[in-house]
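First the structure, in the form of structure tokens, and then the observations on it.
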Amino acid sequence: MIRDTLQRMITAAIAALHERGELDVPESGIPKVEVERPQQVVHGDYATAIALKLARPPRSREIAAKLAAYLNETAPLVPAYELVERVETAGPGFINIHLKPEWLLRQARTIIDAGPDVGAVDLGRGSTINLEFVSANPTGPVHIGNGRGGFIGDTLGNVLRAAGYNVTKEYYFNDAGAQIQKLGRSTEYYMRLALGLPAEKPKGADGKEEGYFDNENDPDDTFYQGIARLVLDETHQGADVLALPDDERAALIGKRAAAHIMQHIRATMQRLNIHFDVWFNEGDLVTNGEVQAGIEFLRDAGYLFEQDGATWMETTRFGDDKDRVLIKSGGETTYAASDVAYIRNKLNRGFDRLIYVLGADHHGYVGRLKAMAQMFGYSADKVHIIIYQHVNIKVNDVSMRMSKRLGNVVNLDDLVDLVGPDVTRFFYLMRSHDTHLDFDLKLAMKEGEENPGLTVQYGHARVAGVLRKAVEAGYHPETEALGADLAVLVSDPPEQLAAELNLMRELLKLEEIIERCAQALEPHHLTKYGMDVAAAFHVFYDRCPMLRAESDAVRMARFALTLAARTVLARVLSLLGMSAPDRMERATEAE
RNA sequence: GUGCUCGUAGCUCAGUGGAUUAGAGCGUUGGCCUGCGGAGCCAAAGGUCGGAGGUUCGAAUCCUCUCGAGCACACCA
């Protein structure tokens, strides 16, 4: 990576000057040289403030000048530093590095050769990550809120793979316990309705309705009726189950209903191009004894205590804000007991890191999950929890809150029906997980260029269109690009050269973007990057004629730039989990 | 009450302790099609970075306080 090369170069320069006695370094050694991108182009391609870290102004200025002089002198002699054009100093001691235009242009070749792997960096060195996301309960369809974890998790997984990690994407189904009983009773209600039997909505201890129901104000919402029908079909119209004793009946119907809902959720994920390697069922942990084994392990380790007839685990020992009940006084295990078994299961599978993508309503889990991991002897900083904020949908400038409890659920499937999977993904990924997402439905439904969800795809389609045109005109872009000498473009008029260099600089950022997304666990940078690349290509295309290029050599070089742009755009779309179309269809014709 | 997250342009939001000028998309206003193509390009207007202190050579970025919004604080899952 370019930045790493420059970092090594500058570090070596500091060491050399220090050796000569011309530069003092702290006793702790040379500080890490941070190489960053300046905001303004005139400040070069890269810059470092290392001189300011070594000394305060005005002495930092001297140091910067010494370093710059040394670098300008030695860089041309080292083949690895051939990318450097010149090094300058500015302000209180910044060192600005300008890259060689010929070198930048020649990187188009490297990008084309990298193909679908372009931008890959080896940050992970094959270390393993378990990435758990969505994990919505199989008691209803995925909605606009908890679906957010799906986009963040899936794209984050793609990016981490591009960054050299071995990623297992995982979904955890809570298919055991009380909520499945509730689901069973709710489903039974609809089964009885369908059969024309007397039916009553189940009620909780407080006499209020309790369970999972269709929204009766919305005639299109017949989700649970549909699930009930499926259960009827596989139980001889209920004959196999409805006569069973109460608890057994609820459990059995609930289990069947949950199985159908899981299928439904998997289908939703599938159409959104969200992929999982492992679908994990909580129920398995119960039946195969892992829940019990987890509790025993903690008991032997001395982390459990009894109080008020219940069994608690002392998570506060590891920074949690309160201890958690594992076994209720009534003898049943809690949800936390399953969590213990699950995290133990993951650790036993040998993952180097565990990443959880959870909604804001779960932020209370951070302390408990990290504490659990530590009770099994695992370092807390290998557990990363990404908390994403809630989602509102904006319809006609009115923001509506999505909440299951308020009975105001909007299914993710309904949204995808309206705007398609690609736009859905882009809109969800445009925002940092840390900020609330206002989904602008009106904007997402637009079909033209004003829809930001389509701009990257339009960019890719345009590249493909240009290449298609070239073939029609009798050229062979792929083979011509092979023989191109990119450096000829250096003689282009300034306005054209600027567009070409700008495009190459943008394309070369991909590695840094992937690295940043992977390090910060923030996939959203990819969307903005994709838009920047598309914009850079448009300007290039606007300024630099290809079929009407001044010479064969220039045309061939521009074919190479175009192919490099296609490579990067396709890679970005693939990481975002979107399709990379060669042409865009308009559903409605203008005028 | 305690804790977590967030307050940046009319709207929705990027922004990695750095540079006289804090960016993008949408929206608004104006310009550019007999030249690969308009699925685009150029330009303008629009900001007390919620507020007040502090740390620093340097703060939208770090710290404290404060105001506002969301969420969480179960022997629920």
Side-chain angles (χ1 to χ4, degrees), chain A residues 34 36-40 42-43 47-49 52 55-58 60 90-94 96 137 139 174 176-180 182 282 307-312 321-322 324-336 338-339 359-367 387-390 392 394 397 399 401 427 430-440 442-443 446-455 457-459 461-462 465-466 469-470 472-473 512 516 519-520 524-525 527-529 531-532 534-535 537-539 541-549 555 558 583-584 586 590:
Chain A
E34 307 276 1
E36 53 203 24
R37 284 181 175 274
Q39 282 185 10
Q40 296 181 40
V42 292
H43 294 137
T48 179
L52 282 153
R56 294 188 168 185
S60 53
F94 296 107
N96 295 332
N137 289 347
T139 52
N174 298 120
Q179 83 280 14
I180 297 300
K182 275 188 208 167
E282 178 189 4
Q307 189 181 305
D308 305 327
T311 302
W312 300 65
D321 51 359
K322 57 188 67 171
R324 309 288 170 180
V325 172
L326 276 187
I327 306 172
K328 301 185 216 174
S329 52
E332 319 93 62
T333 55
T334 62
Y335 182 84
S338 295
D339 279 349
D361 53 340
H362 284 75
H363 75 241
Y365 280 56
V366 174
I387 301 291
Y388 62 85
Q389 299 300 311
H390 284 178
N392 301 328
K394 213 170 82 177
D397 296 333
S399 197
R401 268 263 310 294
F427 268 70
M430 264 197 297
R431 306 298 176 218
S432 156
H433 60 79
D434 254 344
T435 181
H436 297 243
L437 174 66
D438 268 353
F439 196 105
D440 188 340
K442 210 163 117 190
L443 185 61
K446 289 189 179 174
E447 287 181 11
E449 65 271 30
E450 65 271 62
N451 184 342
L454 300 171
T455 51
Q457 288 182 316
Y458 270 127
R462 186 169 215 189
V466 173
K469 207 94 189 175
E472 283 165 18
E512 287 166 31
R516 179 165 180 207
Q519 265 171 349
H524 71 277
H525 303 291
T527 48
K528 186 182 184 318
Y529 175 67
M531 291 167 88
D532 289 346
F537 178 76
H538 287 312
V539 175
Y541 188 58
D542 207 52
R543 303 255 191 291
C544 308
M546 212 165 323
L547 303 189
R548 294 163 196 272
R555 187 189 61 246
R558 287 179 181 161
R583 53 179 93 220
M584 300 292 277
R586 269 182 192 268

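First the proteins, then the strands, lettered A, B, ... as listed; each starts at 1.
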- prompt: Do the side chain of A/D321 and the base of B/A72 come within less than 3.5 angstrom through a donor-acceptor pair of N or O atoms?
  reply: no
Of the nucleotides [options], which one has an atom closest to the side chain of [X]?
| X | options | value |
| --- | --- | --- |
| A/V539 | B/C71, B/A19, B/C42 | B/C42 |
| A/R543 | B/C42, B/A14, B/C75 | B/C42 |
| A/D542 | B/C41, B/A19, B/U12 | B/C41 |

statement: Between A/R516 and A/R324, whichever has its closest RNA chain B nucleotide further toward 5' is A/R516
query: Which residue, A/I327 or A/I387, contacts RNA chain B at a nucleotide closer to its 5' end, judged by nearest heavy atom?
result: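 The residue mapped nearer the 5' terminus is A/I387.
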Using atom [atom1] of each nucleotide, how far apart are [N] and [M] to the nearest Å?
| N | M | atom1 | answer |
| --- | --- | --- | --- |
| B/C26 | B/G18 | C1' | 31 Å |
| B/C11 | B/G27 | P | 16 Å |
| B/C41 | B/G46 | P | 23 Å |
| B/U34 | B/G30 | C1' | 24 Å |
| B/U55 | B/U12 | P | 36 Å |
| B/G47 | B/A72 | C1' | 34 Å |
| B/U66 | B/A9 | P | 25 Å |
| B/U2 | B/C65 | P | 11 Å |

Give me, pair by pair, the N or O atoms of the protein and of nucleotides 32-35 of chain B that are less than 3.5 Å apart, along with how far apart they are.
none

Sidechain-backbone polar pair: [X] side chain, [Y] backbone, donor-acceptor under 3.5 Å:
| X | Y | value |
| --- | --- | --- |
| A/N451 | A/G453 | yes |
| A/R431 | A/H436 | no |
| A/E450 | A/E447 | no |

Could you tell me how far apart [X] ([atom1]) and [N] ([atom2]) are, to the nearest whole angstrom?
| X | N | atom1 | atom2 | value |
| --- | --- | --- | --- | --- |
| A/L326 | B/C76 | CG | C1' | 15 Å |
| A/K469 | B/G37 | NZ | P | 4 Å |
| A/H363 | B/U2 | NE2 | C1' | 11 Å |
| A/Y388 | B/A72 | OH | P | 13 Å |
| A/R583 | B/G37 | CZ | P | 14 Å |
| A/E512 | B/A14 | CD | P | 21 Å |

Can you give me the closest heavy-atom contact between [X] and [Y], atom names plus distance?
| X | Y | answer |
| --- | --- | --- |
| A/M531 | A/P452 | CE-CB, 3.9 Å |
| A/D434 | A/Q389 | O-CG, 3.1 Å |
| A/H433 | A/I387 | ND1-O, 3.2 Å |
| A/P92 | A/S60 | O-OG, 2.6 Å |
| A/A47 | A/P38 | CB-CG, 3.8 Å |

Considering every strand and a 4.0 Å limit on heavy-atom distances, what is the contact class for [X]: base, sugar-phosphate, or nothing?
| X | value |
| --- | --- |
| A/N96 | base |
| A/S432 | sugar-phosphate |
| A/H538 | sugar-phosphate |
| A/A47 | base |
| A/A360 | sugar-phosphate |
| A/A176 | sugar-phosphate |
| A/K322 | sugar-phosphate |

message: Is A/K328 close enough to B/C76 that one of its side-chain N or O atoms is under 4.0 Å from OP1 or OP2 there?
response: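 Yes, such a contact exists.
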- prompt: At under 4.0 Å, does any side-chain N or O of A/H524 touch on OP1 or OP2 of B/G15?
  reply: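 Result: yes.
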message: Is the base of B/A19 stacked against the aromatic ring of A/H43, taking ring centres under 5.5 Å apart and planes under 30° as the test?
response: yes
query: Can A/F94 be classed as stacking with the base of B/G18, given a centroid separation cut-off of 5.5 Å and a plane angle cut-off of 30°?
result: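 By the stated criterion, A/F94 and B/G18 do not stack.
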Tabulated below should be each protein N or O lying under 3.5 Å from an N or O of nucleotides 49-51 of chain B; please produce it.
none

Output the distance between atom [atom1] ([X]) and atom [atom2] ([Y]), rounded to the nearest 0.5 Å.
| X | Y | atom1 | atom2 | result |
| --- | --- | --- | --- | --- |
| A/F94 | A/E36 | CZ | CD | 8.0 Å |
| A/D339 | A/N174 | CG | CG | 7.5 Å |
| A/L437 | A/Y388 | CG | OH | 11.0 Å |

- request: Sequence neighbours left out, what passes side-chain hydrogen bond (donor to acceptor under 3.5 Å, both in side chains) with A/H538? Give chain and number order.
  value: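 Testing A/H538 for side-chain hydrogen bond (donor to acceptor under 3.5 Å, both in side chains), a comparison that skips the adjacent residues, returns A/R462.
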message: Among residues at least two apart in sequence or on other chains, which ones pass side-chain hydrogen bond (donor to acceptor under 3.5 Å, both in side chains) with A/K528?
response: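 Scan of A/K528 (side-chain hydrogen bond (donor to acceptor under 3.5 Å, both in side chains), adjacent residues dropped) gives A/D532.
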- request: Assign a letter to each nucleotide of nucleotides 22-31 of chain B from its 5' end: B, base within under 4.0 Å of a protein heavy atom; S, sugar-phosphate only; -, no contact.
  value: ---SSS----
Taking only residues two or more places apart in sequence or in another chain, which ones pass side-chain contact (heavy atoms from CB on, under 4.5 Å) with [X]?
| X | value |
| --- | --- |
| A/K322 | A/R324 |
| A/T334 | A/V325, A/K328, A/A336, A/A337 |
| A/S329 | none |
| A/A461 | A/M584 |

Stems where RNA chain B pairs, listed by first number, each of three or more Watson-Crick or G-U pairs under 3.5 Å: B:1-7 with B:67-73, B:10-13 with B:23-26, B:28-32 with B:40-44, B:50-54 with B:62-66
Polar pairs (N or O, both sides) under 3.5 Å between protein and nucleotides 6-9 of chain B?
{"residue": "B/C6", "atom": "OP1", "partner": "A/D434", "partner atom": "OD2", "Å": "3.2"}

message: Pair A/M546, A/K469 - check side-chain contact (heavy atoms from CB on, under 4.5 Å), show working.
response: CA-CA 10 Å; A/M546 212 165 323; A/K469 207 94 189 175; over 6 Å; no
Atom pairs under 3.5 Å: protein N/O with N/O of nucleotides 55-59 of chain B:
{"residue": "B/C57", "atom": "OP1", "partner": "A/R56", "partner atom": "NE", "Å": "2.9"}
{"residue": "B/C57", "atom": "OP1", "partner": "A/R56", "partner atom": "NH1", "Å": "2.4"}
{"residue": "B/C57", "atom": "OP1", "partner": "A/R56", "partner atom": "NH2", "Å": "2.5"}

query: Distance only, no hydrogens: is a donor on one side chain within 3.5 Å (strictly under) of an acceptor on the other, for A/S338 and A/E282?
result: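 Short answer, yes.
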